[in-house]
Undergrad: 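Please see the structure below; I have some questions.
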Amino acid sequence: MKALKTVAVALGVTLAALIIIPLVVLAGLFVWLKLTEESDEETLELDQEAAPSVT
């Protein structure tokens, strides 16, 4: 009975890890995307101000 409980706990921990780890990775990618998106917009704004207008 103890072995069955141990296997059940191990299976539960494994399933939790299979769900939690990808969610943490996706959350990290989302935060990284948001941080780099803001810096990209600032760079584009600076480039547009510095570029001479062609008219």
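Fair warning: this is a prediction, and the values are worked out from it, not measured in the lab.
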Undergrad: Minimum heavy-atom separation for Pro22 to Ala17, with atom names?
TA: CD-O, 3.9 Å
Undergrad: Between OG1 of Thr14 and CD1 of Ile19, what distance do you get to the nearest 0.5 Å?
TA: 11.0 Å
Undergrad: Could you work out, with side chain to side chain contact (heavy atoms under 4.5 Å, CB included) as the rule, every residue matching Ile20, not counting sequence neighbours?
TA: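 For Ile20 the side chain to side chain contact (heavy atoms under 4.5 Å, CB included) partners, ignoring immediate neighbours, are Ala16, Val24.
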